[in-house]
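Step one of this worksheet: look at the structure below.
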2 protein chains.
Amino acid sequence: MSEATRWLDGREQDVWRTYITMSSALTDALDRQLQGDSKMPYTYYEILVVLSEAPERSLRMSELAGLRGSSRSRLSHAVSRLEEAGWVVRRECPTDKRGQVAVLTDTGFDALRAAAPGHVTAVRETLFDQLTAEQVDALGQISAAVLRKLDPEGTLPGNREPAPGAGACGQPPDV
Amino acid sequence: MSEATRWLDGREQDVWRTYITMSSALTDALDRQLQGDSKMPYTYYEILVVLSEAPERSLRMSELAGLRGSSRSRLSHAVSRLEEAGWVVRRECPTDKRGQVAVLTDTGFDALRAAAPGHVTAVRETLFDQLTAEQVDALGQISAAVLRKLDPEGTLPGNREPAPGAGACGQPPDV
DNA sequence: CGGTTTCGATTGAGAGTTCAACTAGGGGGT
DNA sequence: ACCCCCTAGTTGAACTCTCAATCGAAACCG
């Protein structure tokens, strides 16, 4: 606090402004695409993806929250909403009576399978099709470096080594 | 639509997951820092920044919305909120009776000046301090490439050539 | 064991965003 | 003038997210 602020120089300001504008425009575009085509916000899509890859297509609430870097409260609200849609159900946890387990239903899996192609196509067209192979590599390294700072423990997906079953997001949902 | 979906390969999935996780964690962190230290969400901070750089520290509502890539509705709600805080006032536009002009107040400017150091420090520590000079360059080019696709007309800040008075975001607010 | 603390999860209120109306003023064209 | 349409901006409802408060269940401890 006693240190003088290290302001950004001209180049850094340019990069920052361009990055933050691109970043919000990109998530906006993906959100709109999913909401329009599949009636689900992007954050809910991510929940379905994570569940679809989990064993038994089910996860404890707090594991799900941790994997998604979202608060317990947010997840609780979200799962309530997904339950209304019939895409997820809550079950009691057999080993811990405080716990709840979220399970992806068949309907939810179908909804995910229907939503995936449009989403992946949007990601490919807006992001990967605009970049060279070297830029894709660079983006991966840059993201990993920043993420290490934001999440030193490496609990978020995409941080540290690729997770064991890490497919997802861009893959066709497994049969 | 008749084309087969071009799914992401393993490397692309990794990059995408890492990027999207980093990106949301970064905006979350910045939002939290600003909300905690300065009682304003990041989107409102951006509005104050844009206003502070405009001539007379004032802009038409729709110009402000365009520059920020946000909807008119969103901006209208936001300005209402900023007006309650005493940071912005609305004035009628002299040349167009439909129009409204948002003007940054002195109080608003002081709030911005107070918020800037903490925000810039957070950006520097989480982003720029984690990257090499080459990576900063690469990030700028990657962001610009994706933004060209998302905003072909180049109306958003950070797209196309650096705007005339483009300082902002990382600079000490001008006296 | 009883008592306290911590943990897993939910709830409700408050704030921000989106979307679809809606109001009102400008700008042609005839 | 008049009519039609487009533009600028606002509004309210529905939805998501955050934060603080809450509650029951586990874990810990003397």
Side-chain angles (χ1 to χ4, degrees), chain A residues 24-25 27-48 58-85 87-103 155, chain B residues 24-25 27-48 58-85 87-103 155:
Chain A
S24 60
T27 53
D28 272 18
L30 295 177
D31 220 9
R32 244 171 249 285
Q33 183 273 319
L34 268 174
Q35 188 76 54
D37 294 355
S38 307
K39 310 301 178 213
M40 62 176 98
Y42 182 60
T43 50
Y44 290 9
Y45 177 84
E46 285 185 307
I47 292 174
L48 299 188
S58 61
L59 280 172
R60 284 286 292 272
M61 295 297 280
S62 33
E63 292 182 88
L64 194 45
L67 280 173
R68 289 261 42 272
S70 86
S71 69
R72 295 173 194 286
S73 167
R74 172 171 163 183
L75 184 70
S76 187
H77 285 295
V79 168
S80 298
R81 198 81 192 62
L82 291 170
E83 232 176 346
E84 287 174 26
W87 291 338
V88 165
V89 292
R90 270 184 247 244
R91 296 242 187 81
E92 296 200 346
C93 174
T95 67
D96 185 338
K97 285 179 183 167
R98 295 169 301 183
Q100 293 279 106
V101 179
V103 185
T155 53
Chain B
S24 61
T27 53
D28 271 18
L30 296 177
D31 219 10
R32 246 171 248 284
Q33 183 274 319
L34 268 175
Q35 187 76 53
D37 295 354
S38 308
K39 310 302 177 213
M40 63 176 97
Y42 182 59
T43 50
Y44 290 10
Y45 177 85
E46 286 186 306
I47 291 174
L48 298 187
S58 61
L59 280 172
R60 284 287 292 272
M61 296 297 280
S62 32
E63 292 183 86
L64 193 45
L67 280 172
R68 292 261 39 278
S70 86
S71 69
R72 298 174 193 285
S73 166
R74 173 170 163 182
L75 184 71
S76 186
H77 286 296
V79 168
S80 299
R81 214 71 195 75
L82 292 170
E83 232 176 346
E84 286 174 27
W87 291 338
V88 165
V89 293
R90 267 185 249 242
R91 297 240 187 83
E92 297 200 347
C93 174
T95 67
D96 185 337
K97 286 180 183 166
R98 295 168 302 182
Q100 293 280 105
V101 178
V103 185
T155 52

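Just so it is clear: chains get the letters A, B, ... in the order the sequence lines come, proteins before strands, and each one is counted from 1. Everything numeric here is computed off the predicted structure, so don't read it as measured data.
B:Arg81 has its side chain within reach of B:Glu84: a pair of non-hydrogen atoms, C-beta onward, lies under 4.5 Å apart. A heavy-atom distance below 4.5 Å is not found between the side chains of A:Thr43 and A:Asp31. Taking the side chain as every heavy atom from C-beta outward, B:Pro41 and B:Leu34 never approach each other to under 4.5 Å. B:Val79 has its side chain out of reach of B:Gln100: every pair of non-hydrogen atoms, C-beta onward, lies at least 4.5 Å apart.
Across all strands, B:Ser73 comes closer than 4.0 Å to base atoms (heavy-atom distances). A:Thr43 comes within 4.0 angstrom of sugar-phosphate atoms only, judged by non-hydrogen atoms across all strands, and of no base.
Counting only distance, with no hydrogens or angles, the side chain of A:Thr27 and the backbone of A:Ser24 share a donor-acceptor pair below 3.5 Å. A donor-acceptor pair is defined here as one N or O able to donate and one able to accept, closer than 3.5 Å; no such pair exists between the side chain of A:Lys97 and the backbone of A:Pro94. Put simply, the side chain of A:Glu83 gets close to the backbone of A:Arg90: a donor and an acceptor are under 3.5 Å apart.
Mapping A:Arg32 and B:Tyr44 onto DNA chain C by nearest heavy atom places B:Tyr44 at the nucleotide closer to the 5' end. Projected onto DNA chain C by closest heavy-atom contact, A:Gly99 and B:Arg74 fall at different nucleotides, the more 5' of which corresponds to A:Gly99. Annotation: of the two residues near DNA chain D, A:Arg81 and B:Gln35, the 5′-most nearest-nucleotide partner is A:Arg81. With DNA chain D read from its 5' end, the first of the two nearest nucleotides for A:His77 and A:Lys97 is the one closest to A:His77.
Heavy atoms only, all atoms of each residue included: A:Ala65 and A:Leu75 are closest at N-CD2, 3.6 Å.
Contacts between chain A and DNA chain C, taken as any atom within less than 4.0 angstrom of a protein heavy atom, begin and end at C:dC7 to C:dC19. Once you apply a 4.0 Å limit to the heavy atoms of chain B, the touched nucleotides of DNA chain D run 5' to 3' over D:dT7 to D:dC19.
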